[in-house]
Trainee: 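Structure below; questions to follow.
Counting from 1, the numbers follow the sequence of the chain as shown. Order of listing sets the numbers, starting from 1, for every ligand and every atom in it.
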Amino acid sequence: MTTAAFRPLVPVSQVDEGQMIAVDGGQGFSVLIARVGGEWFAMSDLCSHLRAPLHTGSLVGHRLACPLHGGAFDIRDGAPLCEPARRPIETYPVRVRGGVLEVAVPQAATPEPGFEW
Ligand code: FES
């Protein structure tokens, strides 16, 4: 991941504990925001398997399950937890300033094209 400036993406009041949403990270890039255990997490919203929107999956603790084929990821570091997902999801640094969640999304953050079989 390249270094990026923090950008305000969403008021913290819009995400409840244990929930996740997708927000516009710029350049048409969707960022998944999750709040678990009082901590904030941000990652690409596209599954590394066949690019499903991960925010429509399910979140149990730190385990994020993809809505399409059951692949799962750890939202703390994007690591794949089970097949068919094999590649990690890119994660981004977060911080809270004045009630707003800021995320350091690289300007060049664009999901990789192609599929993983
Ligand atoms: S698209 Fe996510 S596991 Fe297949």
Trainee: Closer than 2.8 Å to atom 4 (Fe) of ligand 1, what protein N/O/S atoms do you find?
Mentor: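 Protein N/O/S atoms under 2.8 Å of atom 4 (Fe) of ligand 1: His49 ND1, His69 ND1.
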
Trainee: Assess Arg95 against Phe6: is NZ or CZ under 6.0 Å from the centre of the six-membered ring, and within 45 degrees of the ring's axis?
Mentor: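 Judged by the rule (NZ or CZ under 6.0 Å from the ring centre, within 45° of its axis), Arg95 counts as positioned above Phe6.
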
Trainee: Using a 3.5 Å distance criterion without hydrogens, assess whether the side chain of Glu102 forms a donor-acceptor pair with backbone atoms of Arg97.
Mentor: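 Side chain of Glu102 to backbone of Arg97, a donor-acceptor pair under 3.5 Å: no, none is there.
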
Trainee: Let me see the working for Met20 and Leu64 under side-chain contact (heavy atoms from CB on, under 4.5 Å), right down to the final yes or no.
Mentor: CA-CA 10 Å; Met20 58 182 170; Leu64 168 61; 3.4 Å; yes

Trainee: Hey, is the main chain of Asp16 close enough, under 3.5 Å, to the side chain of Arg35 for a donor-acceptor pair?
Mentor: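 No, because the side chain of Arg35 does not come within donor-acceptor range (under 3.5 Å) of the backbone of Asp16.
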
Trainee: Are any side-chain N or O atoms of Asp45 and backbone N or O atoms of Val31, one a donor and one an acceptor, separated by less than 3.5 Å?
Mentor: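 No, because the side chain of Asp45 does not come within donor-acceptor range (under 3.5 Å) of the backbone of Val31.
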
Trainee: Looking at Gly37, is its backbone amide N or carbonyl O close enough to the side chain of Glu17 to form a donor-acceptor pair, meaning the two atoms are under 3.5 Å apart?
Mentor: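 Yes, Glu17 side chain to Gly37 backbone: donor-acceptor pair under 3.5 Å.
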
